[in-house]
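Here's the structure, in structure tokens; my notes come after.
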Amino acid sequence: MIVLVVGGGGREHAIIKKLKENENIEAIYALPGNGGIAADADCMNIGATDIDGIVEFVKGHPVDFAVVAPDDPLAMGCVDRLEALGIKCFGPVKDAAIIEASKVFAKDLMRKYNIPTAQYETFTEMDKALAYLDEAPIPTVVKADGLALGKGVIIAETREDAKAAVRSMMEEKKFGDSGSRIVIEEFLTGPEVSVLSFTDGKTIVPMVSSQDHKRALDGDQGLNTGGMGTVAPNPYYTPEVAERCMKEIFLPTMEAMNAEGRTFKGCLYFGLMITEDGPKVIEYNCRFGDPETQVVLPLLESDLYTIMEAVADERLGEVEVKFADKYSCCVVMASGG
Ligand code: AMP
Ligand code: GLY
């Protein structure tokens with residue numbers, strides 16, 4: 001069995017290390033991988049968003065299975081392209097990856113299917129957004145519609161800050177095209193929980209919960225980031241919360257995507273906030289979280305490849321997904337800035 005993993009971060013390394021536990025896997029190619037991954041896989045100098053390059057590589061190599069890990073290639077339809085070549089893949093097709101790629105899509109899906117989330121309005125015209133902010137409750141949250149590397153979210157403590165955020169997205173195009181549509185939503189409070197899940201559109205199996213620590217610098221003194229470290233399991237994710245999430249969020253989301261003709265297969269990530277009114281969705285991601293994966297997968301006792309193949313074949317319900325009753329943590333070291 002020869003496996004290809006698209007991506008090149010700590011998340012992809014965690015996936016590769018776990019895949020290697022399967023004795024039937026003879027080789028793993030990482031596109032592009034990184035210096036650390038090179039110890040565990042053959043790294044190829046093909047970028048994760050170079051979809052044509054990935055397709056060419058697959059045509060010239062005997063790849064049996066592909067794992068597409070990052071958001072960009074998923075949103076660009078990398079899985080669609082590989083499946084068209086007859087390669088089995090773990091990861092959603094483009095039509096399903098929209099659950100992360102468009103915040104407006106995600107919010108409208110939750111509204112339509114009664115999935116608990118923050119109240120919101122969407123805007124394509126700056127004047128209307130600015131007028132709305134004259135009345136909106138403060139603090140408020142302004143989000144660019146598209147992928148913005150986790151940076152297109154601004155929590156505004158004052159009306160002026162909120163308006164400045166709208167202008168930066170819609171006028172100055174700080175986040176590029178992803179700011180041509182924006183969401184302005186209710187500010188929620190409570191502990192955050194990340195729950196990654198395996199789903200094949202028929203079954204959804206949550207993995208062990210985790211907590212992402214998002215602020216840079218010691219003592220949470222810095223700006224929000226994509227994640228500076230993680231722990232698993234998340235201490236706020238009690239069995240009662242988990243049961244509510246399954247009933248009110250996880251199953252309804254899987255079924256909503258099916259009903260929209262956008263069956264999601266892969267890892268569906270639920271970014272949750274445990275509010276006084278119960279768990280609510282802050283965001284969906286169409287992929288494994290980074291750095292959540294680095295704490296979640298080491299606790300997986302079952303074989304990752306077996307699960308991924310079962311997801312691709314839509315028989316997830318037939319395989320075991322078992323996590324150790326242990327703890328793990330991840331610390332990110334990053335260069336300044
Ligand atoms: P997102 O990219 O949507 O996950 O947002 C990034 C971070 O902003 C989240 O992890 C939260 O910490 C925060 N955030 C997003 N939406 C809200 C909200 N409605 N209320 C409070 N905090 C939020
Ligand atoms: N750690 C947050 C994310 O992967 O989006």
Side-chain angles (χ1 to χ4, degrees), residues 7 9-12 14-15 48 69-72 74-75 91 97 99-107 109-111 115-122 136-157 161-162 165 169 175 178-179 182-197 207 209-216 220 222-232 234 236 266-277 279-297 329-332 334:
R11 163 184 55 202
E12 287 75 11
I15 292 169
D71 47 358
D72 286 319
L74 289 166
I99 198 166
E100 171 170 3
S102 167
K103 290 196 193 293
V104 173
F105 172 86
K107 294 298 290 189
L109 185 84
M110 290 186 267
R111 182 176 277 168
I115 296 165
T117 188
Q119 297 296 322
Y120 72 102
E121 296 291 335
T122 61
I138 295 293
T140 191
V141 184
V142 183
K143 300 185 173 184
D145 179 44
L147 296 177
L149 292 171
K151 291 179 186 133
V153 174
I154 294 175
I155 296 175
E157 307 281 348
D161 286 353
M169 288 178 193
F175 304 106
S178 83
I182 63 163
V183 175
I184 300 180
E185 72 176 30
E186 175 195 11
F187 175 74
L188 300 176
T189 51
E192 284 183 60
V193 181
S194 303
V195 180
L196 319 184
S197 68
M207 302 181 217
S209 63
S210 56
Q211 184 163 34
D212 190 3
H213 293 263
K214 287 180 177 279
R215 282 174 180 261
D220 278 348
L223 291 173
N224 243 0
T225 69
M228 293 307 300
T230 37
V231 297
N234 186 312
Y236 297 100
C267 174
L268 184 52
Y269 167 129
F270 298 89
L272 307 168
M273 197 172 266
I274 315 301
T275 72
E276 279 183 356
D277 302 329
K280 295 192 180 180
V281 177
I282 291 282
E283 66 164 345
Y284 292 116
N285 291 328
C286 66
R287 53 175 172 82
F288 282 100
D290 191 346
E292 283 90 342
T293 307
Q294 291 89 310
V295 288
V296 168
L297 286 188
C329 79
C330 162
V331 177
V332 172

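Ligands are counted one by one from 1 in listed order, and the atoms in each one are counted from 1 as well.
Heavy atoms from both the backbone and the side chain of Leu188 come within less than 4.0 Å of ligand 1. Of all the heavy atoms of Ile155, the ones lying under 4.0 Å from any atom of ligand 1 belong exclusively to the side chain.
Here is the list of ligand 1 atoms found below 4.0 Å of a heavy atom in Lys143: 3 (O), 15 (C), 16 (N). Distances below 4.0 Å separate heavy atoms of Lys103 from the following atoms of ligand 1: 2 (O), 3 (O). Listed by atom number, the atoms of ligand 1 under 4.0 Å from Lys214 heavy atoms are 10 (O). Counting atoms of ligand 1 from 1 in the listed order, those under 4.0 Å from a heavy atom of Glu185 are 16 (N), 17 (C), 18 (C), 19 (N). Counting atoms of ligand 1 from 1 in the listed order, those under 4.0 Å from a heavy atom of Phe187 are 20 (N), 21 (C).
Among the atoms of Val141, none of the N or O lies under 3.5 angstrom from an N or O of ligand 1.
With no hydrogens or angles considered, a side-chain donor-acceptor pair links Asp145 and Ser102 at under 3.5 Å.
Counting only heavy atoms from C-beta outward, the side chains of Asn285 and Asp71 never approach each other to under 4.5 Å. Side-chain contact check for Ile15 versus Leu297: some heavy-atom pair is nearer than 4.5 Å. No side-chain heavy atom of Val153 sits under 4.5 Å from any side-chain heavy atom of Glu283. Taking 4.5 Å as the limit, every side-chain heavy atom of Lys214 sits out of range of all side-chain heavy atoms of Met228. For the pair Met207/Phe288, a side-chain contact is recorded, criterion being any heavy-atom separation below 4.5 Å from C-beta on. Using a 4.5 Å heavy-atom cutoff, the side chains of Ile184 and Val141 are not in contact.
Partners of Tyr269 under the ring pair (Phe, Tyr, Trp, His ring centres under 6.0 Å) rule, at least two apart in sequence or in another chain, do not exist in this structure. Under the rule for a side chain to side chain donor-acceptor pair (under 3.5 Å), the partners of Glu185 that lie at least two apart in sequence or sit in another chain are Lys107, Lys143. The side chain to side chain donor-acceptor pair (under 3.5 Å) test applied to Asn234 returns no partner, not counting sequence neighbours.
Taking all heavy atoms of Glu192, Glu100, Arg215 into account, the minimum distance to atom 10 (O) of ligand 1 is reached by Glu192. Across the listed options Thr275, Asp212, Val153, Val153 owns the non-hydrogen atom lying nearest to atom 6 (C) of ligand 1.
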Check each N or O atom of ligand 2 against all protein N or O atoms and list the pairs under 3.5 Å, with atom names and distances to 0.1 Å, one per line.
unit_1   : atom_1 : unit_2 : atom_2 : d
ligand 2 : 1 (N)  : Asp212 : OD2    : 2.8
ligand 2 : 1 (N)  : Gly226 : O      : 3.0
ligand 2 : 1 (N)  : Asp290 : O      : 2.9
ligand 2 : 1 (N)  : Glu292 : OE1    : 2.8
ligand 2 : 1 (N)  : Glu292 : OE2    : 3.3
ligand 2 : 4 (O)  : Arg287 : NH1    : 3.0
ligand 2 : 4 (O)  : Asp290 : N      : 3.0
ligand 2 : 4 (O)  : Asp290 : O      : 3.4
ligand 2 : 5 (O)  : Asn285 : ND2    : 3.0
ligand 2 : 5 (O)  : Arg287 : NH2    : 2.8

